[in-house]
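Written below as structure tokens is the structure these notes are about.
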2 protein chains.
Amino acid sequence: MNNRIQQLRKENKVTQNELADAVDVTRQTIISLENGRYNASLLLAHKIAEYFGLKIEDIFIFEENDL
Amino acid sequence: MNNRIQQLRKENKVTQNELADAVDVTRQTIISLENGRYNASLLLAHKIAEYFGLKIEDIFIFEENDL
DNA sequence: ATAAAATGTAAAGCGTGCTATACTTCAAAT
DNA sequence: ATTTGAAGTATAGCACGCTTTACATTTTAT
């Protein structure tokens with residue numbers, strides 16, 4: 001599963017630290033999400049979507065391989 | 001976090017088994033989700049939303065307590 | 001009333017989301 | 001040139017999503 005977190009972060013000029021604090025996780029979690037090491041939990045996905053004022057499906061990209 | 005899975009399932013006359021098969025998890029997983037024992041993963045939430053033709057946020061209800 | 005289908009409970013085990021800590025690399029600013 | 005901030009890597013450890021198996025209860029249909 002891919003996501004647009006890094007892109008949105010840069011568009012909004014937000015650092016990993018700021019985003020991490022805003023959604024209440026560590027910076028490592030944001031790094032790992034951006035670099036595709038694992039998927040967000042539903043709750044974290046929701047917090048991130050809310051932070052950017054978007055829907056979950058607008059940020060997280062579900063592909064065939066995710067089946 | 002609450003969800004409308006059971007409600008949607010009954011409205012659409014779908015059994016737990018049918019839904020479980022459709023989204024490729026076990027029946028126990030559906031039961032546990034409906035009874036609030038844990039939250040779905042982002043991927044499972046997406047599959048369930050897709051199954052019912054809805055957005056994730058239309059099915060999973062995020063509350064203040066989920067902070 | 002009885003059989004079958006649907007829903008539920010319990011518990012052990014595995015993989016992964018997330019934390020915590022520590023160290024590294026690169027870019028920007030002074 | 002050196003400091004500072006932002007981004008990255010690595011690793012050990014805990015919590016939870018999900019599976020598996022087995023059994024119990026409730027609902028539906030005949």
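A, B, ... follow the sequence lines: proteins, then strands. Residue 1 opens every chain.
- B:Gln6 and B:Gln16 share no side-chain donor-acceptor pair at under 3.5 Å.
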Discussion item. Before you tell me yes or no, could you show the steps for A:Glu57 and B:Lys55 under side chain to side chain contact (heavy atoms under 4.5 Å, CB included), namely the whole-Å CA-CA distance, both residues' side-chain angles and the distance that decides it to 0.1 Å?
Written reply: CA-CA 8 Å; A:Glu57 283 95 341; B:Lys55 293 267 180 186; 3.7 Å; yes
Worksheet item: In B/S/- notation, 5' to 3', how is nucleotides 25-30 of chain C contacted by protein heavy atoms closer than 4.0 Å?
Response: ------
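- When the side chain to side chain contact (heavy atoms under 4.5 Å, CB included) test is applied to A:Ser41, the partners found at least two apart in sequence or on another chain are A:Leu43, A:Leu44.
- Taking five base pairs at each end of the helix from C:dA1-D:dT30 to C:dT30-D:dA1, the local helix axes there meet at an angle of 50°, rounded to 10°.
- Looking at residues two or more places apart in sequence or on another chain, you find a side chain to side chain contact (heavy atoms under 4.5 Å, CB included) between B:Asn35 and B:Ile31, B:Arg37.
- Rounding to whole angstrom units, CG of residue A:Asp21 and P of D:dG5 are separated by 15 Å.
- For A:Asn12 (side chain) and A:Arg9 (main-chain N/O), no donor-acceptor pair under 3.5 Å exists by modelled atom type.
- A donor-acceptor contact shorter than 3.5 Å links the side chain of A:Asn3 to the backbone of A:Leu33.
- Between the A:Arg4 side chain and the A:Asp58 main chain, a donor and an acceptor come within less than 3.5 Å of each other.
- Checked against side chain to side chain contact (heavy atoms under 4.5 Å, CB included), A:Glu50 has the following partners two or more places apart in sequence or in another chain: A:His46.
- Rounding to the nearest 0.5 Å places CG of A:Asp21 at 8.0 Å from OG1 of A:Thr15.
- Going from atom NZ of B:Lys47 over to atom C1' of D:dC18 covers 12 Å, rounded to whole Å.
- Inter-residue side-chain proximity for B:Ile48 and B:Leu8 is flagged as unmet; no heavy-atom pair is nearer than 4.5 Å.
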Discussion item. Strictly under 4.0 angstrom, non-hydrogen atoms only: write out the protein contact profile of nucleotides 6-19 of chain C, one letter per nucleotide from the 5' end, B, S or -.
Written reply: SBBBB------SBB
